[in-house]
Amino acid sequence: MKRYIKRGLFSFAISAFCGLIAHLIIDAIMNASSQESFFAMSPDFRALFPTPAIAAYVNILLYGVIGFFFAFMTFLFDLSRIGLLVQWVIYFVTTAGVCVAITILLWQLHRYPRALILTMCGYSVTYVIMAISQFRTLKRDVAAINAELESTT
């Protein structure tokens, strides 16, 4: 479990840093285009905090939480007692729960049902693509292992 916590903390740092960089780039572009009062956050999210700076810090922290959770939950894939499909379903449900909850908070999606549905659909499609890619890699690895075993016998 220690390995997964370390992996999660590393992913937290990367995700938070990437969130910070994304905010800086968006703010720089918007300020360069004479929109100096622009913030790369939902106005409704900003209103939850006393200052825009605190809202930005919490926003970046939440990006890190998403990264931590995605990396930490990979421990599921080392559980040999449950099948790969069950692992994928559990990983999808748990990571989607965290990711969508944070996204709802950041973008205040509960106020915009269409945006909420589109976000959930986008997450689902992305996950299916990742699962197919992972399955193809796994299938190729198993074929290579079987070929190696056949050549040694």
Side-chain angles (χ1 to χ4, degrees), residues 1-32 38-145:
M1 195 56 85
K2 187 176 177 181
R3 180 175 93 185
Y4 298 104
I5 292 172
K6 284 181 182 179
R7 185 182 293 173
L9 292 173
F10 183 70
S11 185
F12 175 91
I14 290 172
S15 298
F17 181 73
C18 289
L20 173 65
I21 295 300
H23 273 267
L24 289 174
I25 290 170
I26 292 169
D27 287 342
I29 291 170
M30 296 308 287
N31 285 328
F38 178 82
F39 288 101
M41 290 177 268
S42 159
D44 296 326
F45 179 74
R46 263 189 297 134
L48 297 173
F49 301 94
T51 67
I54 293 173
Y57 297 145
V58 171
N59 192 352
I60 292 166
L61 177 73
L62 290 172
Y63 288 150
V65 169
I66 290 172
F68 175 86
F69 204 78
F70 270 73
F72 175 74
M73 289 304 294
T74 59
F75 80 87
L76 288 169
F77 297 110
D78 282 344
L79 299 177
S80 59
R81 293 182 199 150
I82 58 177
L84 184 59
L85 181 60
V86 174
Q87 291 170 341
W88 279 343
V89 169
I90 293 170
Y91 185 81
F92 173 79
V93 169
T94 56
T95 57
V98 169
C99 186
V100 170
I102 289 174
T103 304
I104 288 171
L105 175 64
L106 290 176
W107 297 341
Q108 299 293 297
L109 291 181
H110 58 282
R111 298 174 189 221
Y112 312 102
R114 184 191 288 167
L116 175 61
I117 291 167
L118 290 173
T119 299
M120 290 172 42
C121 288
Y123 181 80
S124 298
V125 168
T126 302
Y127 189 79
V128 167
I129 291 168
M130 290 177 4
I132 290 170
S133 174
Q134 181 185 19
F135 180 75
R136 291 178 75 190
T137 301
L138 182 64
K139 190 175 174 181
R140 185 180 43 216
D141 291 347
V142 168
I145 291 168

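Owing to the predicted nature of the structure, the values given are computational and were not obtained by experimental measurement.
- Under the side chain to side chain contact (heavy atoms under 4.5 Å, CB included) criterion, S80 pairs with no residue at all, not counting sequence neighbours.
- Taking CZ of F12 as the reference point, atom CZ of F10 lies at 13.5 Å (rounded to 0.5 Å).
- Atom SG of C99 and atom CD1 of I104 lie 10.0 Å apart (nearest 0.5 Å).
- Closest approach of L106 to S42, counting heavy atoms only: O-CB, 3.3 Å.
- Here the CG atom belonging to L62 is positioned 5.0 Å from the CD1 atom belonging to I102, to the nearest 0.5 angstrom.
- Ring geometry for F68 versus F72: interplanar angle under 30°, hence parallel rather than tilted (30 to 60°).
- Residue pairs satisfying the ring pair (Phe, Tyr, Trp, His ring centres under 6.0 Å) criterion with at least one member in residues 103-126, sequence neighbours excluded, are listed as follows: F92-Y123.
- In this view, V128 and I132 satisfy the side chain to side chain contact (heavy atoms under 4.5 Å, CB included) rule, not counting sequence neighbours.
- With hydrogens and angles ignored, the 3.5 Å screen pairs no side-chain donor or acceptor of S133 with any backbone N or O of I129.
- Remark: I82 pairs with L79, V86, Q87, I90 by the side chain to side chain contact (heavy atoms under 4.5 Å, CB included) rule, at least two apart or across chains.
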List the atom pairs, donor and acceptor, that lie under 3.5 Å between side-chain atoms in residues 45-57 and the rest of the protein, sequence neighbours left out.
{"from": "T51", "atom 1": "OG1", "to": "I54", "atom 2": "N", "distance (Å)": "3.2"}

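- Atoms CG and CD1, from L109 and I117 in turn, are 10.5 Å apart once rounded to the nearest 0.5 Å.
- Proximity of F17 to Y63: side-chain heavy atoms (C-beta onward) are nowhere separated by under 4.5 Å.
- A distance of 6.5 Å separates OH of Y127 from CD of Q134, quoted to the nearest 0.5 Å.
- S15 and G67 make their closest contact through OG-CA, 3.1 Å (heavy atoms, listed as atom of the first residue, atom of the second, distance).
- Contact record, F69 with T94: CE2-O, 3.5 Å, taken as the closest heavy-atom pair.
- Listed for the T119 side chain is a donor-acceptor partner under 3.5 Å among the backbone atoms of A115.
- In this structure, F135 and K139 have side chains that are in contact, with non-hydrogen atoms separated by less than 4.5 Å.
- Partners of I25 by side chain to side chain contact (heavy atoms under 4.5 Å, CB included), not counting sequence neighbours, listed by chain and number: I21, I29.
- Put simply, the side chain of T137 reaches to within 4.5 Å of the side chain of R140, judged on heavy atoms.
- Separating the CG atom in L61 from the CG atom in L20 is a distance of 12.5 Å, to the nearest 0.5 Å.
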TODO: Applying side-chain contact (heavy atoms from CB on, under 4.5 Å), run through V100 and L116 and close with a yes or a no.
DONE: CA-CA 8 Å; V100 170; L116 175 61; 4.2 Å; yes
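- Using a 30° and 60° split on the angle between ring planes, F70 and Y91 fall in the perpendicular class, above 60°.
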